[in-house]
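Naming convention: chains lettered A, B, ... in sequence-line order (proteins, then strands); numbering from 1 in each chain. Quantities reported herein were computed from a predicted structural model and do not represent experimental measurements.
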Protein chains: 2
Amino acid sequence: MTYENLDAKLVNALLGDGRASLRSLAEELDVSVTTISNHLSDLEEEGVIEGYTPRLDYDAVGYDVTAVIQLQVEGNALPDITDTLRDHRQMISVYEVTGDYDVIAIGKFKDTDGMNEQIKALLTDPDIKASNTSVVLNAVSENEQFELDIEDA
Amino acid sequence: MTYENLDAKLVNALLGDGRASLRSLAEELDVSVTTISNHLSDLEEEGVIEGYTPRLDYDAVGYDVTAVIQLQVEGNALPDITDTLRDHRQMISVYEVTGDYDVIAIGKFKDTDGMNEQIKALLTDPDIKASNTSVVLNAVSENEQFELDIEDA
DNA sequence: TACACCTGATGACGTACGAAAATCTCGATG
DNA sequence: CATCGAGATTTTCGTACGTCATCAGGTGTA
């Protein structure tokens, strides 16, 4: 079994249960606890694994509205805009993109009123040339993390 | 409120470290281990916490390209399309939305060739009336989970 | 009544450390 | 040029120890 392979299997196992114990992982992958511990530390140091989080159901805690906001931005103002968006804690993802718009951001809000209010506030920025907001009707899947390929020997 | 202050604090603490021990959480929040255990079990049973995952840096494992794909879909074919998209494991998020397009999906790919290939394959579906793909130049933030409000006593 | 707490007992857990095994390096040899 | 093998390096492993999660039964409190 190659070195890379074990790492991929370890990551995949953790994607199944991010709080799994080192012992259960060791048993599942048929290596010693120490090996799991070493590889996991390495993966964390290399930055492959950036941390661990619970997967929250924001619906269940009152954030019922998700919106996809697309912006056309004055070229030199792009860093300012993206910084502003990132600092809005309810912005889940902020992307600089190619295409008709320069920025695509995804945010979560407690209700449509709160959403309108916040988006309106954002759009007062004179560097925003155009915008387009899509409200999510149904999140078929969201923030799914997929498993890594396992290479054969 | 369906969740109380301790629950919010507990969730926020786990957002900081999803593998934190119950003991360390108990110390941080100044309650007993038993209380942490009970509340955590409740949060999991209620579905507020859906599970735990490592946060992966997909860049570090060879998925360098992220794309935002927007689709206009023949009305009655929408479920088929979203199902197809969801079953593509590299699709991180799939949303049904209001606005110019009906579906917004975010996917990760190993390179632009792989991306083009997969997207082209998707677009052969005759129920897709129009599409628009934006390639992510820079992920300012991605899949951030924000902390819950703590209400004062 | 519903929470939060304490205690004690038990088996599981994470980590450090030295030993063992596997792998790599590289010059010598046929 | 391909092969060998001693030594160095890397990777894995088992053990031991202190910590941890869980359960049960009982106390305090709003």
*Along nucleotides 17-30 of chain D, 5' to 3', which nucleotides get a B, which get an S, and which get a -, given that the test is a protein heavy-atom distance under 4.0 Å?*
---BBB--------

*Answer whether the closest heavy-atom distance between the side chains of B:Leu148 and A:Tyr58 falls below 4.5 Å.*
yes

*Check side chain to side chain contact (heavy atoms under 4.5 Å, CB included) between B:Asp125 and all other residues, then give those that pass, not counting sequence neighbours.*
B:Ile81, B:Asp127, B:Ile128

*Roughly how many Å is it from NZ in B:Lys9 to P in C:dA4, rounded to a whole number?*
12 Å

*Taking five pairs at each end, how big is the angle between the two axes of the helix from C:dT1-D:dA30 to C:dG30-D:dC1, to 10°?*
40°

*asked:* I need the CD1-P distance between A:Ile36 and D:dT12, as an integer number of Å.
replied: 10 Å

*Heavy atoms, side chains only, cut-off 4.5 Å: are A:Ile106 and B:Ile104 in contact?*
no

*Quick one: does B:Arg86's side chain get under 4.5 Å of B:Met91's, heavy atoms only?*
no

*Can a side chain N or O of B:Thr35 be found less than 4.0 Å away from OP1 or OP2 on C:dA4?*
no

*Take atom CD in B:Glu27; do more than 12 heavy atoms of anything else shown fall under 6.0 Å from it?*
no

_Interatomic distance where CG belongs to A:Leu29 and P belongs to D:dC13 [whole Å]_ = 11 Å

*For A:Gly18 and A:Tyr52, work out which heavy atoms get closest and say how close.*
O-CD2, 3.9 Å

*What is the distance from CG of B:Leu25 to P of C:dA4, rounded to the nearest Å?*
15 Å

*Could you check if a side-chain atom of A:Leu14 sits within less than 4.5 angstrom of a side-chain atom of B:Arg19, using non-hydrogen atoms only?*
yes

*Whole Å only: how far is the NE2 atom of A:His39 from the C1' atom of C:dG14?*
17 Å

*What is the distance from CD of A:Glu44 to P of C:dG14, rounded to the nearest Å?*
12 Å

*Rounded to whole angstrom units, what separation is found between the CG atom of A:Asp30 and the P atom of D:dT12?*
13 Å

*Indicate, with a heavy-atom threshold strictly under 4.0 Å, whether B:Asn38 touches base, sugar-phosphate, or nothing.*
nothing

*asked:* If you compare all heavy atoms of A:Ala26 against all heavy atoms of A:Ile36, which two are closest, and at what distance to 0.1 Å?
replied: CA-CG1, 3.6 Å

*Taking the side chain as C-beta and beyond, is there a heavy-atom pair between B:Leu56 and A:Glu50 under 4.5 Å?*
no

